[in-house]
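The structure appears below as structure tokens.
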2 protein chains.
Amino acid sequence: MNCACHSDHSAAPLDDLTGRLREGDRRITGARARILDVLRRHSHPMTNREIHGHLPRGTCDLATIYRSMHLLEDLSLVQRFDFGDGIARFELVGAHKSGHHHHLICIKCSGVVELEECFPAELEQRIARANGFTSVTHKLEFFGVCAACQKSPAR
Amino acid sequence: MNCACHSDHSAAPLDDLTGRLREGDRRITGARARILDVLRRHSHPMTNREIHGHLPRGTCDLATIYRSMHLLEDLSLVQRFDFGDGIARFELVGAHKSGHHHHLICIKCSGVVELEECFPAELEQRIARANGFTSVTHKLEFFGVCAACQKSPAR
DNA sequence: GTGTCTGCAAACTTTTTGCAGAGCT
DNA sequence: AGCTCTGCAAAAAGTTTGCAGACAC
């Protein structure tokens, strides 16, 4: 597999966790481990509320999840996605070979497909150069109707 | 360029306004005309708060702008964009040749460049087919550092 | 005149923040 | 023990909604 990342992705993110947290004088807490646990069991982006809902109730405050996601994002352990509804969604980095990827979302059932395809790099380069921009990246998500929802008349 | 849009966007939006509103038993009101006026003077996506700020104060309530944007969006007179910060932005359809287009946004100064380039249509087709999806569209925005901001050390 | 719109105020949602006590090392 | 983290509650910020009066046709 073509992956520019140097770390061993087969290692569970939890293994990296200790080291990465230590660097920043951060602690390994029950809440953070539990959050990563939920993310590890779901291969698609989740909202903070969804993560909260998948934790045993009373186990972790919603505010703690918001704070944890900021931290985990800074540590590059999770990636933030935006499906256009103004609600942040997070996915574990390493669940897919490369951190950068996109999604195909069903507008009926909200089902998500993880995509390998990406915006052509050399076209992005051309756009950047043509406009004098540097460090150009992109946000890209696809929306459509999945096979199942095409059949169901209602919904 | 690869643009899947079939409609003719060259007609001025205001000309369409009367007809389109009539169809739905809607009125042409001062507030709506004023909002379109502001949008016509700005070629980049604006937030509702920005639109509100550009209107003579006391002229139009923020709630009215929110309601108007929903209406104008339904009538396809305005297009909604999402720059990833959870704030809706709107741009007049017809300000650019094709309704469907994307932006290149400076992460330092928030400057916006309107782009002609689009995600390759036949690659999108392939993604749709490979996953059994139909009616596939996409949201795509680019982020980088503009020429001016590359020079200014601070900021 | 009739039905749609608007302003105002209140509610709702997502996200952030202050603070005191609990937890990790 | 020392500093970080968490829960709770309150506060931002964007957006939506109910209602009575104003306005378009």
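In the text below, chain A, chain B and the rest are named by the order of the sequence lines, each starting its count at 1. Hydrogens, waters and symmetry mates are skipped; everything else that's a heavy atom, side chains included, is used.
Among the atoms of the strands shown, base atoms are found under 4.0 Å from some heavy atom of A:A63. Using a 4.0 Å heavy-atom distance criterion, B:H52 is classed as making no nucleic acid contact. In this structure, B:A31 reaches the sugar-phosphate backbone alone: every heavy-atom distance under 4.0 Å involves primed, P, OP1 or OP2 atoms, never a base.
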| field | Derivation of the salt bridge (Lys or Arg N to Asp or Glu O under 4.0 Å) call for B:E73 and B:R80 | value | CA-CA 7 Å; B:E73 193 184 5; B:R80 178 187 297 259; 3.0 Å; yes
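Counting to the nearest Å, the P atom of C:dT14 and the CE atom of A:M69 are 16 Å from each other. Atoms CG (A:D61) and P (C:dG21) sit 17 Å apart, rounded to a whole Å. C:dT13 atom C1' lies 15 Å from atom CD1 of B:I87, rounded to whole Å. Spacing between atom CZ of A:R57 and atom C1' of D:dC8 amounts to 17 Å, rounded to whole angstrom units. If you measure from atom CD1 of A:I51 to atom C1' of C:dT15, you get 14 Å, rounded to the nearest angstrom. Note: CD (A:E73) to P (C:dT16) measures 10 Å, nearest angstrom. With rounding to whole Å, B:I65 atom CD1 is found 15 Å from C:dC8 atom C1'. In this structure, the CE atom of B:M46 is 15 Å from the P atom of D:dG14, given to the nearest Å.
Between B:F81 and B:F83, the two ring planes are tilted [angle within 30° to 60°].
Phosphate contact (OP1/OP2 of C:dT6, side-chain N/O of B:T29, threshold under 4.0 Å): present. Contact check, B:R49 against D:dG14: a side-chain N or O comes under 4.0 Å of OP1 or OP2. Residue B:H70 has a polar side-chain atom (N or O) positioned under 4.0 Å from OP1 or OP2 of D:dT16. The phosphate of D:dT6 (OP1 or OP2) has no side-chain N or O of A:R67 nearer than 4.0 angstrom.
Listed candidates were D:dC5, D:dT15, C:dT17. Nearest to the side chain of B:Y66 is D:dT15. Side-chain atoms of B:N48 lie closest to D:dT15 of the nucleotides C:dT14, D:dT15, C:dT25. The side chain of A:R26 lies closest to D:dC5, out of C:dC5, C:dT15, D:dC5.
A distance-only check finds a donor-acceptor pair linking the side chain of A:R32 to the backbone of A:R27 [under 3.5 Å].
In terms of position on DNA chain D, the residue among B:G30 and B:L62 whose nearest nucleotide sits closer to the 5' end is B:L62. Along DNA chain C, the nucleotide nearest to B:C60 and the one nearest to B:R27 differ in position, and the one closer to the 5' end is contacted by B:R27.
By the criterion of side-chain heavy atoms lying less than 4.5 angstrom apart, applied directly or through intervening Ile, Leu, Val, Met, Phe, Trp or Tyr residues, B:L140 is grouped together with A:V136 in one hydrophobic cluster.
Taking the six-membered ring for Trp and the full ring otherwise, the centers of B:H102 and B:F142 sit at least 6.0 Å from each other.
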